[in-house]
Enquirer: 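Mind looking over this structure? Questions follow.
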Amino acid sequence: MEKIKMLTPLVEMDGDEMTRVLWQLVKDELILPFVDLKTEYYDLGLKHRDETDDQVTIDAANANMKYGVGVKCATITPNPARVTEYGLKAMYKSPNGTIRAILDGTCFREPILVKGIEPCVKNWKKPITIARHAYGDVYKNSEIRIPGAGKAELVFTDEQGNRTTQTVFEFKGPGVVQGMHNLDASIRSFAESCMTYALENKKDLWFATKDTISKTYDRDFKEIFEEVYETQFRDSFEKAGITYFYTLIDDAVARVMKSEGGFVWACKNYDGDVFSDMLSSAFGSLAMMTSILISPKGCYEYEAAHGTVQKHYYRYLKGEKTSTNSVATIFAWSGALRKRGELDGIDALVSYADALEKACIKTIEDGCMTGDLARITTFENPTVLDSEGFIKAIRATLETQLS
């Protein structure tokens with residue numbers, strides 16, 4: 001078949017370890033044979049981030065804003081062990097945190113459901129969408145190691161030089177202290193994005209924080225959500241027959257476990273990070289979840305919402321076969337290509353993206369899958385494929401569908 005032409009490039013952000021290997025396999029087997037791919041490429045592998053003092057991450061985020069659609073591979077956020085392993089000049093912050101701080105917006109994450117892979121929570125009948133705020137909190141924090149006795153203070157100096165000071169803690173010995181921030185404008189855009197998404201998908205919206213403990217920081221989120229709902233969305237929600245409600249995060253967790261699913265659960269940045277992994281794993285696998293960042297600046301970033309699969313990569317380096325699930329990486333590419341097709345009016349690109357996702361699901365439902373799914377499937381005697389074999393099986397299914 002003739003390759004599908006693209007008009008505008010995607011911003012392609014390559015990553016680390018096993019997901020970087022899968023990234024190239026997915027391109028070679030599932031995209032390049034069918035699409036005349038146009039990308040503006042950025043290498044966010046840890047070595048190149050170190051070589052550029054992490055400027056490449058900032059450049060990639062700005063390019064995403066310029067072109068409107070980006071697709072990102074999983075990347076390493078270095079800890080002290082990684083600094084030693086890679087000989088880094090610094091312990092760089094999360095590249096996802098850097099990109100999200102520039103783009104702002106909301107990450108929407110939803111499990112990919114297939115027959116034969118049943119949720120651990122038996123009463124979950126429908127997917128639960130996590131709406132994760134993509135700015136601030138621990139991902140843009142400042143931290144200090146406290147060497148000994150002394151007083152830690154929170155200080156704000158306004159433009160006129162007036163200072164507001166609050167004691168955080170009077171240390172009697174060593175410890176740590178952390179400062180976080182957020183912006184009313186970002187919280188408001190988060191609320192608007194969540195409510196717009198809930199309306200478009202006709203799903204109830206839950207929002208949860210801990211304002212009983214965090215009486216200023218979390219209360220700000222709660223009050224802005226209430227204001228946005230009452231002034232902009234109440235009538236539309238009632239006409240659509242959907243609801244919005246606020247509850248404490250611990251109450252939300254209990255409710256989620258007893259629900260049937262089918263709603264949008266809005267979370268602050270860190271809460272969304274933790275609970276999206278919990279949900280994806282409970283629905284089947286960390287590699288079976290879509291993730292899209294929708295920015296109020298009018299751009300989209302698609303990614304695999306899991307790590308770089310470090311253990312598999314070390315086995316790969318030894319020449320051993322791995323059975324690494326590439327579905328989330330494939331859906332990141334299909335999502336980005338679909339959105340590019342929608343924005344540029346290329347129906348063939350949209351149809352191809354739909355076909356690619358259907359091919360992934362059909363391959364698994366035909367009993368061909370990676371080891372993580374084979375261990376939990378209700379199918380008898382599934383065919384367990386290695387990383388490359390699984391991608392090639394999807395290609396065979398895709399070619400049959402397209403023909």
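Quick caveat, the model's predicted, so the values are computed rather than measured.
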Enquirer: What do the steps show when you test Leu248 against Asp211 for side-chain contact (heavy atoms from CB on, under 4.5 Å), and what is the final call?
Expert: CA-CA 7 Å; Leu248 296 175; Asp211 68 290; 3.4 Å; yes

Enquirer: Looking only at the side chains, is there a donor atom on one of Tyr135 and Asn182 sitting less than 3.5 Å from an acceptor on the other?
Expert: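 Absent: no donor and acceptor within the cut-off.
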
Enquirer: Whether Glu192 and Arg188 form a salt bridge (side-chain N of Lys/Arg under 4.0 Å from carboxylate O of Asp/Glu) is what I want to check.
Expert: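 Salt bridge: no.
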
Enquirer: Starting from the C-alpha separation in whole Å, work towards a yes-or-no answer on salt bridge (charged side-chain N to carboxylate O under 4.0 Å, His left out) for Glu365 and Lys362.
Expert: CA-CA 5 Å; Glu365 292 182 346; Lys362 187 176 189 311; over 6 Å; no

Enquirer: Filter on ring pair (Phe, Tyr, Trp, His ring centres under 6.0 Å), then keep only pairs touching residues 215-235, sequence neighbours left out; what's left?
Expert: His133-Phe221, Phe190-Phe225, Phe207-Phe225, Tyr217-Phe221, Tyr229-Phe237, Tyr229-Tyr244

Enquirer: Do Val21 and Ser387 come within less than 4.5 Å of each other through their side chains, counting heavy atoms only?
Expert: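 Of all side-chain heavy-atom pairs linking Ser387 with Val21, none is under 4.5 Å.
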
Enquirer: Which heavy atom in Phe379 sits nearest to a heavy atom in Lys115, and how many Å separate them?
Expert: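 That closest heavy-atom pairing would be CZ-O, 3.3 Å.
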
Enquirer: Any carboxylate oxygen within less than 4.0 angstrom of a Lys/Arg side-chain nitrogen, looking at Lys203 and Glu110?
Expert: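 Salt bridge: yes.
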
Enquirer: To the nearest 0.5 angstrom, please state how far the CG atom of Asp271 sits from the CE atom of Met278.
Expert: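 The CE atom of Met278 is 11.5 Å from CG of Asp271, to the nearest 0.5 Å.
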
Enquirer: Just do the side-chain contact (heavy atoms from CB on, under 4.5 Å) check on Ile294 and Phe108 with the steps written out, would you?
Expert: CA-CA 8 Å; Ile294 302 177; Phe108 293 95; 3.7 Å; yes

Enquirer: Applying side-chain contact (heavy atoms from CB on, under 4.5 Å), run through Leu286 and Asp372 and close with a yes or a no.
Expert: CA-CA 9 Å; Leu286 291 174; Asp372 60 324; over 6 Å; no

Enquirer: So do Arg132 and Phe275 actually touch side chain to side chain, heavy atoms under 4.5 Å?
Expert: no

Enquirer: For the residue pair Tyr313 / Thr19, report whether a side-chain donor-acceptor contact shorter than 3.5 Å exists.
Expert: no

Enquirer: Check side-chain hydrogen bond (donor to acceptor under 3.5 Å, both in side chains) between Lys268 and all other residues, then give those that pass, not counting sequence neighbours.
Expert: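 With neighbours one apart ignored, the set is Asp218.
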
Enquirer: Taking atom types as modelled, is there a side-chain donor on Thr363 or Thr397 under 3.5 Å from an acceptor on the other?
Expert: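 The criterion, which ignores hydrogens and geometry beyond distance, is satisfied for Thr397 and Thr363.
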
Enquirer: Take Lys66 and Glu40 through the salt bridge (charged side-chain N to carboxylate O under 4.0 Å, His left out) test and state the conclusion after the steps.
Expert: CA-CA 11 Å; Lys66 175 183 176 181; Glu40 185 163 305; 5.0 Å; no

Enquirer: Considering only distance and modelled atom types, tabulate donor-acceptor pairs under 3.5 Å from the side chains of residues 253-263, sequence neighbours left out.
Expert:
{"unit_1": "Arg255", "atom_1": "NE", "unit_2": "Asp251", "atom_2": "OD2", "d": "2.7"}
{"unit_1": "Ser259", "atom_1": "OG", "unit_2": "Val256", "atom_2": "O", "d": "2.9"}
{"unit_1": "Ser259", "atom_1": "OG", "unit_2": "Gly261", "atom_2": "N", "d": "3.2"}

Enquirer: So, the side chain of Ser403 versus the backbone of Glu399: is there a donor-acceptor pair under 3.5 Å, distance only?
Expert: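 Side chain of Ser403 to backbone of Glu399: a pair is present.
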
Enquirer: Could you grab the distance from atom CD1 of Ile346 to atom CD1 of Ile4, nearest 0.5 Å is fine?
Expert: 9.0 Å

Enquirer: What's the shortest heavy-atom distance between Met289 and Ser280, and which atoms?
Expert: CE-CB, 3.6 Å

Enquirer: Give a yes or no on whether a salt bridge exists between Asp16 and Arg20, defined as a side-chain N under 4.0 angstrom from a carboxylate O.
Expert: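 No.
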
Enquirer: Are any of the side-chain heavy atoms of Leu46 and Pro78 separated by less than 4.5 Å?
Expert: yes

Enquirer: If we only count heavy atoms from C-beta on, is the Ile146 to Ile144 side-chain gap below 4.5 Å?
Expert: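 Ile146 vs Ile144: side chains touch.
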
Enquirer: Measuring from Arg100:CZ to Asp137:CG, what's the distance to the nearest 0.5 Å?
Expert: 12.0 Å

Enquirer: Quick one: do Glu342 and Arg338 make a salt bridge, cutoff under 4.0 Å?
Expert: no

Enquirer: Is there side-chain contact between Asp54 and Lys93, with at least one heavy-atom pair below 4.5 Å?
Expert: no

Enquirer: Is a donor from one side chain sitting under 3.5 angstrom from an acceptor on the other, for Asn141 and Glu143?
Expert: yes

Enquirer: Should Thr8 and Leu343 be marked as a side-chain contact (heavy atoms from CB on, under 4.5 Å) after you check the CA-CA gap, both sets of side-chain angles, and the distance that decides it?
Expert: CA-CA 9 Å; Thr8 312; Leu343 294 177; over 6 Å; no

Enquirer: Indicate yes or no: at least one non-hydrogen side-chain atom of Ile76 is less than 4.5 angstrom from one of Arg49.
Expert: yes

Enquirer: Can you find a heavy atom in the side chain of Trp124 that is under 4.5 Å from one in the side chain of Leu279?
Expert: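 The answer is yes, as the side chains (C-beta and beyond) meet within the 4.5 Å cut-off.
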
Enquirer: Going by an N to O cut-off under 4.0 Å, is there a salt bridge joining Lys358 and Asp354?
Expert: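 No, this pair does not count.
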
Enquirer: What is the distance from atom CG of Leu25 to atom CE of Met18, rounded to the nearest 0.5 Å?
Expert: 7.5 Å

Enquirer: Can you list the residues that meet the side-chain hydrogen bond (donor to acceptor under 3.5 Å, both in side chains) rule with Ser291, with sequence neighbours excluded?
Expert: Arg109, Glu303

Enquirer: Quickly, which of Val350, Val71, Val35, Leu10 forms a side-chain contact (heavy atoms from CB on, under 4.5 Å) with Arg340? Name it, please.
Expert: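 That would be Leu10; it is the only one of Val350, Val71, Val35, Leu10 passing the side-chain contact (heavy atoms from CB on, under 4.5 Å) with Arg340.
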
Enquirer: Could you tell me which non-hydrogen atom of Pro111 sits nearest to which non-hydrogen atom of Pro127, and how far apart they are?
Expert: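 Taking every non-hydrogen atom into account, CG-CB, 3.9 Å.
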
Enquirer: For Asp50 and Ala90, work out which heavy atoms get closest and say how close.
Expert: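 Heavy atoms only, the tightest pair is OD1-N, 4.2 Å.
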
Enquirer: Which residues pass the side chain to side chain contact (heavy atoms under 4.5 Å, CB included) test with Val168, sequence neighbours left out?
Expert: Ala152, Leu154, Val177

Enquirer: What are the two closest heavy atoms between His48 and Asp43, and how far apart are they?
Expert: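 Minimum heavy-atom separation between His48 and Asp43: ND1-O, 2.9 Å.
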
Enquirer: Between the main-chain N or O of Tyr316 and the side-chain N or O of Thr322, is there a donor-acceptor pair closer than 3.5 Å?
Expert: no

Enquirer: Hey, could you give me the CG/OG1 distance between Leu44 and Thr57, rounded to the nearest 0.5 Å?
Expert: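 These two atoms lie 5.0 Å from each other.
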
Enquirer: Mind checking the NE2-NZ spacing from His312 to Lys321? Nearest 0.5 Å is all I need.
Expert: 14.0 Å

Enquirer: Given side chains that start at C-beta, do those of Met13 and Thr75 come closer than 4.5 Å, heavy atoms only?
Expert: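 No - every pair of side-chain heavy atoms lies 4.5 Å or more apart.
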
Enquirer: What side-chain donor-acceptor pairs closer than 3.5 Å can you find for residues 295-302, not counting sequence neighbours?
Expert:
{"unit_1": "Ser295", "atom_1": "OG", "unit_2": "Leu103", "atom_2": "O", "d": "2.5"}
{"unit_1": "Ser295", "atom_1": "OG", "unit_2": "Lys297", "atom_2": "N", "d": "3.0"}
{"unit_1": "Lys297", "atom_1": "NZ", "unit_2": "Ile102", "atom_2": "O", "d": "2.5"}

Enquirer: Looking only at non-hydrogen atoms, find the nearest pair between Ile187 and Asp220 and report the distance.
Expert: CD1-OD2, 3.6 Å

